[in-house]
Amino acid sequence: MRPLSHSYFELPAADLAPKLLGKIVRKGACAGIIVETEAYATDAASHAFRITPRSAVMRDTYGYWYVYFTYGIHWCANVTCDKYGTCAVLIRAVEPIEGIPIMKRRRGTDVIENLCSGPARFAQAFGITGADSGKPMGGNCGLYDAPEILPEHVVISKRIGITKDTHLPWRFHVRDSPFASR
DNA sequence: CCATAGATGCACT
DNA sequence: GTGCATCTATGGA
């Protein structure tokens, strides 16, 4: 399994987000196919709207993990990108492929469709936390190459769970995937 | 099926 | 002190 070419991460988030659909994400014994992403740039909904110590990795890197804690409970995992800008792609849902028993144990459910169908569910199932933030792709945790999803199978819609700049069509998911969020 | 409330803690203002 | 790039349980139709 070949690591995703570093040139992918040079792209702005809105270009990279649909290209990550169909690619493999792996951490340790867990692996899956990315089926839903969102792009965040310097729009008002993004943590990069104003750079803080937490979000500085979005400005300073591309091809790194940016993992943040929210709602007192959840971790959400992004891939930083854009060689010349400040961007990240949020991984919102994944189709589980390997390490499914581990995911079931971490998530506390046997329902496969619920293991990784949401950004915090995915992070919990894969064991991704703040300890992974600020690290480059590769090693224990990274993205791997796989065939692209055909454009006619990519659904473009508005981002979910935000209150600002809700009009931007920056959510991408695989049509009819039972593993996407709802 | 849908809608709402509560959890829970940290970053940021 | 405010507000989350969320999830789950619960209650009603």
Side-chain angles (χ1 to χ4, degrees), chain A residues 9 11-21 25 27 30 32 34-82 85-96 102-135 141 143 154-174 177-182:
Chain A
F9 305 119
L11 297 169
D15 294 334
L16 176 60
K19 287 182 176 296
L20 289 188
L21 298 179
V25 58
K27 178 173 179 181
C30 295
I34 298 173
V35 297
E36 180 179 346
T37 58
E38 279 179 358
Y40 287 87
T42 52
D43 55 281
S46 171
H47 293 173
F49 184 63
R50 290 190 183 86
I51 291 292
T52 65
R54 182 179 66 162
S55 61
V57 65
M58 287 179 68
R59 176 196 59 197
D60 297 336
T61 71
Y62 54 101
Y64 279 58
W65 290 104
Y66 168 48
V67 186
Y68 67 89
F69 186 72
T70 191
Y71 290 105
I73 309 177
H74 305 297
W75 295 99
C76 294
N78 297 255
V79 178
T80 66
C81 62
D82 197 337
T86 300
C87 288
V89 174
L90 174 68
I91 299 178
R92 284 195 57 90
V94 166
E95 175 176 343
I102 300 173
M103 298 185 198
K104 287 181 174 176
R105 178 161 45 79
R106 287 179 174 147
R107 291 275 302 116
T109 177
D110 283 339
V111 183
I112 280 222
E113 291 81 3
N114 290 344
L115 292 179
C116 303
S117 54
R121 291 175 173 184
F122 156 65
Q124 185 182 29
F126 275 61
I128 296 174
T129 69
D132 297 293
S133 198
K135 293 186 178 174
C141 190
L143 300 186
V154 175
V155 181
I156 304 174
S157 56
K158 298 181 200 172
R159 295 177 296 180
I160 292 177
I162 56 173
T163 56
K164 297 172 221 164
D165 276 351
T166 55
H167 62 286
L168 294 169
W170 282 358
R171 172 176 179 241
F172 307 89
H173 68 96
V174 178
S177 171
F179 302 98
S181 72
R182 45 188 264 101

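A note on names: the letters A, B, ... follow the listed sequences, proteins ahead of strands, and every chain is numbered from 1. All values derive from a computational prediction rather than experimental measurement.
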Visitor: Check whether the aromatic ring of A/Tyr71 stacks on the base of B/dG9, taking stacking as ring centres less than 5.5 Å apart and planes within 30° of each other.
Guide: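 It does not: the ring fails the test against the base of B/dG9.
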Visitor: Report yes if the ring of A/Phe69 lies under 5.5 Å from the six-membered base ring of B/dC10 with planes under 30°, and no otherwise.
Guide: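 According to the criterion (under 5.5 Å, under 30°), no, A/Phe69 does not stack.
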Visitor: Mapping A/Gly118 and A/Thr163 to their closest nucleotides on DNA chain C, which lands nearer the 5' end?
Guide: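 Of the two residues, A/Thr163 wins.
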Visitor: Would you find a donor on one side and an acceptor on the other, under 3.5 Å apart, between the side chain of A/Ser133 and the backbone of A/Val67?
Guide: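 Yes, A/Ser133 side chain to A/Val67 backbone: donor-acceptor pair under 3.5 Å.
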Visitor: CG of A/Asn78 versus P of C/dT6: gap in Å, rounded?
Guide: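 So the CG-P distance, A/Asn78 to C/dT6, works out to 11 Å.
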Visitor: If you only use heavy atoms from C-beta on, which nucleotide in B/dA11, C/dT8, B/dC2 is closest to the side chain of A/Arg182?
Guide: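 Selected nucleotide (nearest to the side chain): B/dC2.
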Visitor: Taking atom P of C/dC4 as reference, at what distance in whole Å does atom OH of A/Tyr68 sit?
Guide: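 These atoms are roughly 12 Å apart.
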Visitor: In whole angstrom, give the distance that lies between atom CD1 of A/Ile51 and atom C1' of B/dT13.
Guide: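 Distance, rounded to whole Å: 17 Å.
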Visitor: NA contact type, A/Arg159, heavy-atom cut-off 4.0 Å: base, sugar-phosphate, or nothing?
Guide: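 Here A/Arg159 touches no strand at all.
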Visitor: Quick one: which of C/dC4, B/dT13, B/dA11 gets closest to the side chain of A/Arg50?
Guide: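 Within the option list, the nearest is B/dT13.
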Visitor: Hey, are A/Glu38 and A/Arg159 close enough for a salt bridge, meaning a charged N less than 4.0 Å from a carboxylate O?
Guide: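 No, this pair does not count.
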Visitor: Mind calculating the distance between CD (A/Glu36) and P (C/dT6) to the nearest angstrom?
Guide: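 Taking CD of A/Glu36 and P of C/dT6, I get 10 Å after rounding.
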Visitor: Test your reading of the model: is there a side-chain donor-acceptor pair from A/Ser55 to the backbone of A/Ala48, 3.5 Å cut-off?
Guide: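 Side chain of A/Ser55 to backbone of A/Ala48: no pair is present.
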Visitor: Determine whether A/Phe179 and A/Ile112 make a side-chain contact, defined as any pair of heavy atoms from C-beta on separated by less than 4.5 Å.
Guide: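 A side-chain contact exists here, since the closest heavy-atom pair is under 4.5 Å.
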Visitor: Out of C/dC7, C/dA5, B/dC2, which has the shortest distance to the side chain of A/Tyr66?
Guide: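 Closest nucleotide to the A/Tyr66 side chain: C/dA5.
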Visitor: Taking atom P of C/dA9 as reference, at what distance in whole Å does atom CZ of A/Arg121 sit?
Guide: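 Taking atom P of C/dA9 as the reference, CZ of A/Arg121 is at 10 Å.
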Visitor: Atom NE2 of A/His74 to atom C1' of B/dG6: distance rounded to whole Å?
Guide: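 Interatomic distance, NE2 of A/His74 to C1' of B/dG6: 11 Å.
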Visitor: Quickly work out the A/Glu38 CD to C/dT6 C1' distance and round it to whole Å.
Guide: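 Whole-Å distance recorded here is 12 Å.
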Visitor: Would you say A/Arg92 reaches C/dT6's phosphate, i.e. side-chain N/O to OP1/OP2 under 4.0 Å?
Guide: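 Answer is yes, contact under 4.0 Å.
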Visitor: Quiz question: by atom type and distance under 3.5 Å, do the side chains of A/Arg106 and A/Gln124 form a donor-acceptor pair?
Guide: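 No, no side-chain donor-acceptor contact under 3.5 Å.
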Visitor: Both distances under 3.5 Å, Watson-Crick or G-U wobble: report the partner of B/dT8, or none.
Guide: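 Paired with B/dT8, as far as the under-3.5 Å criterion goes, is no nucleotide at all.
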Visitor: Counting only side-chain nitrogens and oxygens, does A/Arg171 get under 4.0 Å of the OP1 or OP2 atom of C/dA5?
Guide: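 For A/Arg171, the contact criterion (side-chain N or O under 4.0 Å from OP1 or OP2 of C/dA5) is not met.
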Visitor: Which part of the nucleic acid, if any, lies within reach of A/Ala120 when heavy atoms closer than 4.0 Å are counted: base, sugar-phosphate only, or nothing?
Guide: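 The residue A/Ala120 makes sugar-phosphate contact but no base contact.
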Visitor: Tell me the partner of C/dA5, counting only Watson-Crick (N1-N3 plus N6-O4 or O6-N4) or G-U wobble (N1-O2 and O6-N3) with both under 3.5 Å; none if nothing fits.
Guide: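 WC or wobble partner does not exist here.
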Visitor: Whole angstroms only, please: what is the CD1-C1' distance between A/Ile73 and B/dA5?
Guide: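 Between C1' of B/dA5 and CD1 of A/Ile73: 13 Å.
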Visitor: Are A/Glu36 and A/Ser181 close enough that a side-chain donor and a side-chain acceptor fall under 3.5 Å?
Guide: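 Note: A/Glu36 and A/Ser181 side chains meet the donor-acceptor criterion.
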Visitor: Does a nitrogen or oxygen in the side chain of A/Arg107 sit under 4.0 Å from OP1 or OP2 of C/dT8?
Guide: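 Answer is yes, contact under 4.0 Å.
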